[in-house]
Amino acid sequence: MLKKLTSIALLGAIVLSVPVAAFAENAQGSKTAATTSTSHPLKQLLQDKAQALGIATEGKTNEQIKTEIKAALATQKTEHLNKAAAKLGISTEGKTAEQLKAAIKDAAEAKLQEKAAKLGVSTEGKANKDIKAGLKAAGLTKLKDKAVKAGIATDGLTGKEIRAALKAGKEAKQTTAVNKKAAKLGISTDGKTTAQVFAEVESALKAKWEKKAQK
């Protein structure tokens, strides 16, 4: 989230650095003015930024486009800040963008420290980048331990592949359990998904319980 906010700030800096004067008509002659208005790289940059933000440029001066871009970037930054604050349980009421950004940074660092403590990762004298690397390594170790307990070989597998294998193993166990229950209830599983079989099993059990309750 902080990376997104940095990108927005950088985009704003680019817009602010575009000199409006460079897009004004050149007093040296109409030929120069025409060239400036149609092919000036800075003007093209301004139009590209406007288009990326969904801002129409037709019939507008460069100053008007620049103003709209600044407003759109400010709105976008506020939205990202509010989303980040909401995820971290931070109130946005009465806070400026800078105050909110500082609160988000503090909360994110506190959360990082808390996560590190849970996984036994030392944070003393370490930058956030190093703490995150430690958390990643600890998380992978924990994931591998979980896979070994489930009978899954982890040699040469990435964290993503191990998670996929664990998920597949869990789904296979669920399918086996559901099919076993279906067999006891005389329900066919041919050509059916686990979800479909499970729904039939639930329906059959419900009917069975209702029948018992009526006796």
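Heavy atoms only: backbone and side chains are in, while hydrogens, waters and symmetry mates are out.
- Separating the NZ atom in K60 from the CD atom in Q47 is a distance of 11.5 Å, to the nearest 0.5 Å.
- Between the side chain of K192 and the backbone N or O of S188, at least one donor-acceptor pair lies under 3.5 Å.
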Before giving the answer on side-chain contact (heavy atoms from CB on, under 4.5 Å), spell out for N179 and T194 the whole-Å C-alpha distance, their side-chain angles and the decisive distance to 0.1 Å. CA-CA 8 Å; N179 288 348; T194 301; 5.7 Å; no

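- Under the 4.5 Å side-chain criterion, counting only non-hydrogen atoms from C-beta, T193 is in contact with Q196.
- Considering only heavy atoms from C-beta on, Q76 comes within 4.5 Å of L53 through its side chain.
- Between L205 atom CG and K184 atom NZ the span is 11.0 Å, to the nearest 0.5 Å.
- With rounding to the nearest 0.5 angstrom, the CG atom of L100 is 5.0 Å from the CG atom of L81.
- Side-chain contact between N128 and E109 is present, with at least one heavy-atom pair separated by less than 4.5 Å.
- Contact of the Q51 side chain with the I55 side chain is not registered, since no non-hydrogen atoms from C-beta on lie closer than 4.5 Å.
- The main-chain N or O of K211 is never found under 3.5 Å from a side-chain atom of Q214 such that the two would form a donor-acceptor pair.
- Expressed to the nearest 0.5 Å, how far NZ of K118 lies from NZ of K142 amounts to 9.0 Å.
- Ion pair K77/E98 flagged as a salt bridge, since at least one NZ, NE, NH1 or NH2 atom sits closer than 4.0 Å to an Asp/Glu carboxylate oxygen.
- One distance of note links CG of L119 with CD of E114; it measures 11.0 Å at 0.5 Å rounding.
- Side chains of Q64 and T57 form no contact here, defined as non-hydrogen atoms less than 4.5 Å apart.
- Counting only heavy atoms from C-beta outward, the side chains of T158 and L140 never approach each other to under 4.5 Å.
- Remark: the backbone N or O of A199 is not paired with any side-chain donor or acceptor of S203 at under 3.5 angstrom.
- Checked options L166, L157, T154; the residue passing with L143 is L166 (criterion: side chain to side chain contact (heavy atoms under 4.5 Å, CB included)).
- When all heavy atoms are compared, the tightest approach of I90 to A103 is CD1-O, 3.5 Å.
- When hydrophobic clusters are built by joining Ile, Leu, Val, Met, Phe, Trp and Tyr residues whose side-chain heavy atoms come closer than 4.5 Å, directly or via intermediates, I187 is grouped together with V178.
- The side-chain heavy atoms of K167 and R163, taken from C-beta on, include no pair separated by under 4.5 Å.
- With K149 contributing its side chain and D145 its backbone, the two residues share no donor-acceptor pair below 3.5 Å.
- A heavy-atom distance below 4.5 Å is found between the side chains of V197 and V201.
- In this structure, I152 CD1 and K146 NZ are separated by 9.5 Å, a value rounded to the nearest 0.5 Å.
- The neighbour count for K95 NZ, taken as heavy atoms of other residues, nucleotides or ligands under 6.0 Å away, is above 12.
- The closest donor-acceptor contact from the side chain of K126 to the backbone of S122 lies under 3.5 Å.
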Let's go through N62 and K66 carefully: what are the C-alpha distance in whole Å and the side-chain angles of both, what is the deciding distance for side-chain contact (heavy atoms from CB on, under 4.5 Å) to 0.1 Å, and is it a yes or a no? CA-CA 6 Å; N62 291 302; K66 187 176 178 182; over 6 Å; no

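- One side chain, Q113 or T123, offers a donor N or O that lies under 3.5 Å from an acceptor on the other.
- In this structure, I131 and A116 approach most closely via the heavy-atom pair CG2-CB, 4.2 Å.
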